[in-house]
Amino acid sequence: MTDMPYDRAPGDASPPPETRSATRSDAAIYTVGLAVAVILTGTSFWVTNTSLIWGPGVPLGLAVLAIAQMGIHLVFFLHITTGPDNTNNVLALAFGVLIVFLVVAGSLWIMTDLNNMLMPGRELMDLRMQR
Amino acid sequence: MNVAVTLDEIRPDALPIASEAGPPPKRIVVAYGFWIFLLSDIVMFSALFAAYAVLVRATAGGPTGAQLFNQGSVAIQTAFLLASSYACGLMSLAVGAQRRDRTYAFALVTFALGAAFLVLELREFAGMIASGAAPQRSAFLSAFFTLVGCHGLHVTAGLIWLSVMMVQVAVKGFRATVQRRLLCFALFWHTLDIIWVWLFTFVYLMGVLP
């Protein structure tokens with residue numbers, strides 16, 4: 001923040017583009033991101049099909065892998081960093097993640113509650129079994 | 001009089017650095033605004049994801065995800081979209097370096113991989129509808145087609161946008177407006193890949209679990 005009064009635009013690779021031309025290291029950032037993303041994706045497909053892992057733990061493992069891969073994409077492809085010139089981008093992202101969490105978790109919580117408590121005869125009235 | 005002049009001279013130094021420098025360059029303002037749009041788009045997708053999660057067992061006696069989804073096809077789709085995102089990143093670097101030939105080459109790779117992804121997805125949809133698993137069959141299939149179809153529509157829009165941008169590069173060259181639009185396109189394309197990560201994890205992989 002000392003020499004740069006402005007934020008960095010989301011998606012911009014490291015220092016401002018006008019001060020230097022793209023170098024080999026910029027491409028290396030994308031390549032590292034691609035390599036890690038491929039490894040994580042391969043692990044996801046392996047976890048789904050292996051019998052080595054305790055069955056009920058598989059969805060949790062897949063969720064963790066997805067979160068990790070989202071982080072890889074954000075850091076290596078979208079160039080979101082923890083630097084002070086990225087504070088606004090990170091804050092907007094954090095707010096978006098909060099809303100996403102509220103929408104998904106809230107919907108699932110309410111609909112599960114409705115199924116469990118409000119409807120008589122779960123076999124007959126289970127919303128999830130209706131058309 | 002003398003005092004007033006001195007005050008005028010001191011004043012700018014007391015202001016914070018950002019205000020002194022004036023508003024940020026348009027590139028930053030535009031990209032930040034587009035970033036906020038993308039986050040709102042992600043919030044919209046989260047609503048579709050929530051609807052899918054609620055309705056995933058409402059198959060109404062029809063086919064379930066485990067019977068419909070083909071992991072091999074999903075793996076190839078994932079590979080296409082990831083490689084397309086990588087090519088888009090390299091295209092951004094070529095744009096930054098103002099290299100026209102490399103920009104066209106990587107844009108072509110980005111477009112071809114994105115189009116291949118879309119073809120596979122449409123083939124999957126057509127196969128499902130032909131086997132009686134159309135959106136109107138069950139609430140599960142309605143939610144599935146809405147969620148995955150919405151992502152497919154975004155990819156389609158991205159392909160059209162990329163074509164338009166290449167025409168703009170050809171006609172207008174790398175002027176500032178074109179560079180800003182290309183930055184926004186790169187943000188859009190990478191974000192679509194993030195959404196696909198959640199799609200293949202929650203819809204396809206968790207769908208085929210026993």
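A note on names: the letters A, B, ... follow the listed sequences, proteins ahead of strands, and every chain is numbered from 1.
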About how many Å separate [atom2] of [Y] and [atom1] of [X], when rounded to the nearest 0.5 Å?
X	Y	atom1	atom2	answer
Q71(B)	N49(A)	CD	CG	4.0 Å
R27(B)	R8(A)	CZ	CZ	11.5 Å
F95(A)	I36(B)	CZ	CD1	10.0 Å
Q69(A)	T201(B)	CD	OG1	7.0 Å

### Query
Side chains of W198(B) and V100(A): does their closest heavy-atom pair fall under 4.5 Å?
no
### Message
Is there a side-chain contact between H73(A) and L82(B) in this structure, where contact means two heavy atoms from C-beta onward sitting under 4.5 Å apart?
### Response
yes
May I ask you to name which of [options] has the most heavy-atom pairs under 4.5 Å with chain B?
options	result
V104(A), I99(A), N88(A)	N88(A)
L78(A), L40(A), V97(A), L65(A)	L78(A)
V103(A), L74(A), L62(A), L34(A)	L34(A)

### Query
Quick check: are there more than 12 heavy atoms from other residues, nucleotides or ligands sitting under 6.0 Å from CZ of F37(B)?
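Enclosed: over 12 neighbouring heavy atoms sit under 6.0 Å from CZ of F37(B).
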### Task
Evaluate whether atom CZ of R100(B) has more than 12 neighbouring non-hydrogen atoms of other residues, nucleotides or ligands under 6.0 angstrom away.
yes
### Query
Any side-chain donor paired with an acceptor under 3.5 Å for T31(A) and Y86(B)?
yes
Side chain from CB out, backbone as N, CA, C, O: work out which of these in [X] comes under 4.5 Å of a heavy atom of chain B, or both, or neither.
X	result
A105(A)	neither
V38(A)	both
L93(A)	both
I67(A)	both
I80(A)	side chain

#### Entry: Contact listing (chain A partner; residues 176-188 of chain B; heavy atom under 4.5 Å)
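Heavy-atom contacts from residues 176-188 of chain B to chain A are L183(B), L187(B).
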### Task
Can you check whether anything in residues 43-52 of chain B gets within less than 4.5 Å of chain A, heavy-atom wise, and list it by number?
V43(B), S46(B), A47(B), A50(B)
I need the minimum non-hydrogen distance between [X] and [Y], along with the two atoms involved.
X	Y	answer
P10(A)	A31(B)	CG-O, 3.4 Å
A27(A)	L93(B)	N-CD1, 3.4 Å
S107(A)	V54(B)	O-CG2, 4.2 Å

### Query
Pick from L39(B), L209(B), L205(B): which one has the most heavy-atom pairs with chain A under 4.5 Å?
L205(B)
### Message
Donor-acceptor check, side chain of W35(B) to backbone of A92(A), threshold 3.5 angstrom: yes or no?
### Response
no
### Task
Give the C-alpha distance, both sets of side-chain angles, the deciding distance and a yes or no for side chain to side chain contact (heavy atoms under 4.5 Å, CB included) between S92(B) and Y30(A).
CA-CA 11 Å; S92(B) 300; Y30(A) 285 106; 4.3 Å; yes
### Task
Please look at V208(B) and chain A and tell me whether the side chain, the backbone, both or neither of the residue comes under 4.5 angstrom of a heavy atom of that chain.
side chain
### Query
Do the rings of F45(A) and F200(B) sit parallel, tilted or perpendicular, given the 30° and 60° boundaries?
parallel
